[in-house]
**Q** 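This is the structure I have questions about; it appears just below.
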Amino acid sequence: MSVPNKYLIVLLGPTGVGKTELSLKLAKHFNSPIVSCDSRQFYREMRIGTAFPTDWELSQAQHYLVGHKSITERYSCGMFEIEALDLLREIYQKNDFALLVGGSGLYIDALLNGIDDFPTPDPELRKSLHQQLKNEGIEGLRHQLKLLDPDYYNQVDLKNPQRVLKAVEVCLQTGRTYSSFLTGPKKERPFKPIKVGLTRHREELYERINLRVERMIEQGLVEEVKGLYPFRNYNALNTVGYKEIFQYLDGEISLEQAIELIKRNTRRYAKRQLTWWSRDKEIAWFNPDNQSEIIQYIERLCKTNS
RNA sequence: GGUGCCAUAGCUCAGUUGGUAGAGCAAAGGACUGAAAAUCCUUGUGUCCGUGGUUCGAUUCCACGUGGCACCA
């Protein structure tokens, strides 16, 4: 059971819907700090392309877990779970409310529900598995997984190299099956989550995304990406808005094409986010413009809970 | 004004020797356990410009109309 008088307001929604703007207002109203849950705004070197909060926005509320990592550091949802939990425990010493804001569904779920413990990947092993994938294709890894963990072999998406590789990696590294780590944890949390989903009509959302991409270009996205070119192989930069500009800088596509691709890939990303949350029935959905309705909803939930 | 060409999915176009049609892109739907803004799977959405005519049957052939493009005046 969660502690009844501590609340985590979870503000989630697709990219470009207007989370940041609303989060500042909610932070003021509930006198709560903001904990970011955006898998790309963790990195301080990525600003324009991730719609990183402006200095002014950062000054409007206490912000945590934004820009606290470098793109050269390895980060994961498991690390986020631990970090965010520690942070929240501290916040709840003084506050009844905390605000979790972000669009990274897996990370949000890791914090709210917990996630199984996996060993930290061994970089050497991963490198050799990648090499193997490159040489033999996914077939070799599939075959290996079938021998190492037949249970998981039967349920994994065998066409998805990332999944198959990860499972083989865990098996080889630990000497255990990948599936033996999957316990589906229901971990105790020192707060009660209130899930507020933000959404708009698809057309409106896409229009906002297109406009935001144009604005990023005006703000100097190309320059930012140029500066990060030496780091392009880091996972953090395998990101919409960055990979397309890398292609442009390599002369593979025109700037126009890159911009169109960024728009398209951002739209697709937004759709994937919505798909992820569609199965979570605890989320109450709102248009971000209905601020007072959202506040009322949160306050009503707090009352019934106390 | 005259002549020619074109009109098919949201866009660019293919095609049907007459039996109501299919590619690419865009899009839609889905999966997801330490790479998640990642990675992967599935799906063709249509007054075939309009009105007549020929025909058992017209998106296809014919006529006219409408719109677009090109050339000539």
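Quick note on labels: first sequence line is chain A, next is B, and so on, each numbered from 1. The shown structure was predicted, so the numbers you read here are calculated from the model rather than taken from an experiment.
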**Q** Looking at A:Lys166, I'd like to know whether one of its side-chain N or O atoms comes within less than 4.0 Å of OP1 or OP2 on B:G34.
**A**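 It does not, given that no N or O in the side chain of A:Lys166 lies less than 4.0 Å from OP1 or OP2 of B:G34.
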**Q** Which pair of heavy atoms, one from A:Arg200 and one from A:Asp289, lies closest together, and at what distance?
**A**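 So the two residues come closest at NH1-OD2, 3.2 Å.
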**Q** Taking atom C1' of B:A36 as reference, at what distance in whole Å does atom CE of A:Met46 sit?
**A**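 For the pair A:Met46 CE and B:A36 C1', the rounded distance is 13 Å.
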**Q** Rounded to whole Å, please give me the gap between CG in A:Leu158 and C1' in B:C41.
**A**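 Computing the A:Leu158:CG to B:C41:C1' distance gives 12 Å.
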**Q** Measuring only the C1' atom in each nucleotide, how far is B:U42 from B:U33? A whole number of Å is fine.
**A**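 Straight-line distance between the two C1' atoms is 23 Å.
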**Q** Give the nucleotide from the list B:A36, B:U33, B:G29 with an atom nearest to the side chain of A:Trp276.
**A**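 Nearest to the side chain of A:Trp276 among the choices is B:A36.
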**Q** Where the side chain of A:Thr275 is defined as all heavy atoms beyond and including C-beta, which of B:A31, B:U33, B:G34 is the nearest nucleotide?
**A**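 The answer is B:A31.
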**Q** Taking atom C1' in both B:G46 and B:A9, compute the distance separating them and give it to the nearest angstrom.
**A**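 Going atom to atom, C1' in each nucleotide, I get 6 Å.
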**Q** Say we look at B:U16 and B:G1: how far apart would their P atoms be, to the nearest angstrom?
**A**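 About 36 Å, rounded to a whole number of Å.
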**Q** Expressed in whole Å, how much space separates the P atoms belonging to B:C49 and B:C13?
**A**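 The same atom, P, in both gives a distance of 15 Å.
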**Q** Counting only Watson-Crick pairs (N1-N3 plus N6-O4 or O6-N4) and G-U wobbles (N1-O2, O6-N3), all under 3.5 Å, who is the partner of B:A27?
**A**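 B:A27 is paired with B:U43.
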**Q** Quote, to the nearest angstrom, the P distance that separates B:C48 from B:A58.
**A**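 After rounding to an integer number of Å, I get 13 Å for this pair.
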**Q** For A:Glu21, I'd like to know if atom CD has over 12 heavy atoms of other residues, nucleotides or ligands within 6.0 Å.
**A**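 For A:Glu21, atom CD is not crowded (no more than 12 foreign heavy atoms under 6.0 Å).
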**Q** Taking the side chain of A:His130 as heavy atoms from C-beta outward, which of B:A38, B:U33, B:A35 is closest to it?
**A**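 Output: B:A35.
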**Q** Rounding to an integer number of angstrom, what distance separates B:U20 and B:C56 when you compare their C1' atoms?
**A**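 So the two C1' atoms sit 16 Å from each other.
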**Q** Can a side chain N or O of A:Asn160 be found less than 4.0 Å away from OP1 or OP2 on B:A38?
**A**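 No, because none of the side-chain N or O atoms of A:Asn160 sits under 4.0 Å from OP1 or OP2 of B:A38.
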**Q** For B:U20, which nucleotide in any strand shown is its Watson-Crick or wobble partner with both distances under 3.5 Å?
**A**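 Across any shown strand, B:U20 pairs with none.
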**Q** Can A:Asp96 and A:Lys6 be counted as an ion pair, charged N to O under 4.0 angstrom?
**A**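 Yes.
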**Q** Just to be sure I understand the rule, does A:Thr50 reach a base, reach only the sugar-phosphate, or reach nothing, if contact means heavy atoms closer than 4.0 Å?
**A**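 Base: the residue A:Thr50, judged by heavy atoms under 4.0 Å, touches a nucleobase.
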**Q** Just compare B:A36, B:G29, B:U33 and give me whichever is closest to any side-chain atom of A:Asn235.
**A**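 From the listed options, B:A36 comes nearest.
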**Q** Could you state the CG-C1' distance from A:Leu182 to B:U33, rounded to the nearest angstrom?
**A**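 In whole Å, B:U33 C1' lies 6 Å from A:Leu182 CG.
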**Q** Check whether any side-chain nitrogen or oxygen of A:Arg40 sits under 4.0 Å from OP1 or OP2 of B:A38, and answer yes or no.
**A**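 No, because none of the side-chain N or O atoms of A:Arg40 sits under 4.0 Å from OP1 or OP2 of B:A38.
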**Q** With respect to the phosphate group of B:A35, does any side-chain polar atom (N or O) of A:Arg126 fall under 4.0 Å of OP1 or OP2?
**A**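 For B:A35, OP1 or OP2 has a side-chain N or O of A:Arg126 closer than 4.0 Å.
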**Q** Please identify which of these residues, A:His68, A:Lys69, A:Glu73, meets the side-chain contact (heavy atoms from CB on, under 4.5 Å) condition with A:Tyr43.
**A**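 Output: one option passes, namely A:Lys69.
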**Q** Could you check A:Gln273 against A:Lys263 and say which one's nearest nucleotide on RNA chain B is further toward the 5' end?
**A**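 Here A:Lys263 is the residue nearer the 5' end.
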**Q** B:A7 and B:U60: how far apart are their P atoms, nearest whole angstrom?
**A**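 One P to the other, the span is 12 Å.
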**Q** Kindly indicate whether the side chain of A:Arg163 and the base of B:A35 share any N or O donor-acceptor pair separated by less than 3.5 Å?
**A**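 Looking at the base of B:A35, it does not pair with any donor or acceptor on the side chain of A:Arg163 (distance under 3.5 Å).
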**Q** Answer syn or anti for B:G53, where the cut-off is 90° from 0 on the glycosidic torsion.
**A**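 It is anti.
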**Q** Within the structure shown, what part of the strands sits under 4.0 Å from A:Gly241 by heavy-atom distance: base, sugar-phosphate, or nothing?
**A**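 Answer is nothing: A:Gly241 stays at 4.0 Å or more from every strand.
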**Q** Have a look at A:Tyr206 and say if it touches a base, only the backbone sugar-phosphate, or nothing, with a 4.0 Å heavy-atom cut-off.
**A**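 Sugar-phosphate, backbone atoms only, no base.
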**Q** Check whether any side-chain nitrogen or oxygen of A:Tyr107 sits under 4.0 Å from OP1 or OP2 of B:A36, and answer yes or no.
**A**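 For A:Tyr107, the contact criterion (side-chain N or O under 4.0 Å from OP1 or OP2 of B:A36) is met.
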**Q** Does A:Phe42 reach a base, just sugar-phosphate, or nothing at all? Heavy atoms under 4.0 Å.
**A**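 No contact.
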**Q** Atom CG of A:Asn238 and atom P of B:A35: how far apart are they, to the nearest Å?
**A**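 Rounding to the nearest Å, CG of A:Asn238 and P of B:A35 are 12 Å apart.
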**Q** Please work out if A:Gly49 contacts a base, only the sugar-phosphate, or nothing of the nucleic acid, heavy-atom cut-off 4.0 Å.
**A**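 If one applies the 4.0 Å heavy-atom cut-off, A:Gly49 turns out to touch a base.
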**Q** Partner of B:G1 by Watson-Crick or G-U wobble geometry, both contacts under 3.5 Å, or none?
**A**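 For B:G1, the partner nucleotide comes out as B:C72, under the 3.5 Å rule.
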**Q** How many whole angstroms separate atom CZ of A:Arg176 from atom C1' of B:U33?
**A**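 In whole Å, B:U33 C1' lies 14 Å from A:Arg176 CZ.
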**Q** Contact class for A:Asp38 vs. all strands (heavy atom < 4.0 Å): base, sugar-phosphate, or nothing?
**A**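 Touches a base.
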**Q** Taking the side chain as everything from C-beta on, heavy atoms only, tell me whether A:Tyr178 gets closer than 4.5 Å to A:Val156.
**A**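 No, too far: nothing below the 4.5 Å cut-off.
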**Q** Across all strands shown, which nucleotide pairs with B:C48 by Watson-Crick or G-U wobble geometry, both distances under 3.5 Å?
**A**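 The base-pairing partner of B:C48, which may sit in any strand shown, does not exist here.
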**Q** I want to verify a distance call: between B:U33, B:A36, B:G29, whose nearest atom is closest to the A:Arg202 side chain?
**A**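 Nearest to the side chain of A:Arg202 among the choices is B:G29.
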**Q** Across all strands shown, which nucleotide pairs with B:G57 by Watson-Crick or G-U wobble geometry, both distances under 3.5 Å?
**A**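 Paired with no nucleotide.
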**Q** Can you tell me the base-pairing partner of B:G67? Count Watson-Crick or G-U wobble geometry only, both distances below 3.5 Å, and say none if there is no partner.
**A**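 Across all strands, the one nucleotide that pairs with B:G67 is B:C6.
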**Q** Measure from the side-chain heavy atoms of A:Asp117 and tell me the nearest of B:C32, B:G34, B:A38.
**A**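 Among the listed nucleotides, the one closest to the side chain of A:Asp117 is B:G34.
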**Q** Using a strict cut-off of less than 4.0 Å between a Lys/Arg side-chain nitrogen and an Asp/Glu carboxylate oxygen, indicate whether A:Glu81 and A:Arg189 qualify as a salt bridge.
**A**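 Judged by the 4.0 Å cut-off on N to carboxylate O distance, A:Glu81 and A:Arg189 do form a salt bridge.
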**Q** Can the ring centroids of A:Tyr229 and A:Tyr242 be said to lie less than 6.0 angstrom from one another?
**A**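 When the ring centroids of A:Tyr229 and A:Tyr242 are compared, they turn out to be at least 6.0 Å apart.
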**Q** How would you label the contact of A:Arg267 with the nucleic acid (heavy atoms, under 4.0 Å): base, sugar-phosphate, or nothing?
**A**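 Contact class for A:Arg267: sugar-phosphate only.
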**Q** Can you tell me if the side-chain N/O atoms of A:Lys271 get under 4.0 Å from OP1 or OP2 in B:A27?
**A**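 No, because none of the side-chain N or O atoms of A:Lys271 sits under 4.0 Å from OP1 or OP2 of B:A27.
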**Q** Name the nucleic acid region contacted by A:Lys243, choosing base, sugar-phosphate or nothing; use a 4.0 angstrom heavy-atom cut-off, strictly under.
**A**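 A:Lys243: backbone/sugar contact only, no base atoms under 4.0 Å.
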**Q** Within the 4.0 Å heavy-atom criterion, would you say A:Thr15 contacts the bases, only the backbone, or no part of the nucleic acid?
**A**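 Here A:Thr15 touches no strand at all.
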**Q** Does the Lys NZ or Arg CZ of A:Arg272 fall within the cation-pi geometry relative to A:Trp276 - under 6.0 Å from the ring centre and within 45° of the axis?
**A**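 The answer is no; the distance or angle limit is not met.
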**Q** Between C1' on B:A31 and CD on A:Gln162, what's the gap in Å once rounded to a whole number?
**A**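 One finds 13 Å between C1' of B:A31 and CD of A:Gln162, rounded.
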**Q** What's the CG-P distance between A:Asp149 and B:U33, to the nearest Å?
**A**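 About 13 Å, once rounded to whole Å.
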**Q** Between B:G2 and B:G18, how many Å separate the two P atoms, rounded to a whole number?
**A**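 Nearest-Å result for B:G2 against B:G18 at atom P: 32 Å.
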**Q** Would you call A:Arg215 and A:Glu218 a salt bridge, using N to O less than 4.0 angstrom?
**A**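 No, this pair does not count.
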**Q** Working to the nearest 0.5 Å, report the span between CG of A:Asn95 and CZ of A:Phe191.
**A**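 Rounded to the nearest 0.5 Å, the CG-CZ separation comes to 14.5 Å.
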**Q** With the side chain of A:Arg279 defined as its heavy atoms from C-beta on, choose the nearest nucleotide among B:C32, B:A38, B:C41.
**A**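 The answer is B:C32, which lies nearest to the side chain.
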**Q** Just checking A:Phe80: base, sugar-phosphate only, or nothing, at a heavy-atom cut-off of under 4.0 Å?
**A**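 Result for A:Phe80 = nothing.
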**Q** Given atom CG of A:Asn233 and atom P of B:A35, what is their separation to the nearest angstrom?
**A**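 Taking atom P of B:A35 as the reference, CG of A:Asn233 is at 17 Å.
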**Q** Nearest to the side chain of A:Asp116 - B:A28, B:A36, B:U33?
**A**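 It is B:U33.
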**Q** Pick the nucleotide of RNA chain B nearest each of A:Glu81 and A:Ala236; which residue has the one closer to the 5' end?
**A**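 On the 5' side of the pair lies A:Glu81.
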**Q** Applying a 4.0 Å non-hydrogen cut-off, can you work out what A:Arg272 is touching in the nucleic acid: base, sugar-phosphate, or nothing?
**A**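 Base, at least one base heavy atom under 4.0 Å.
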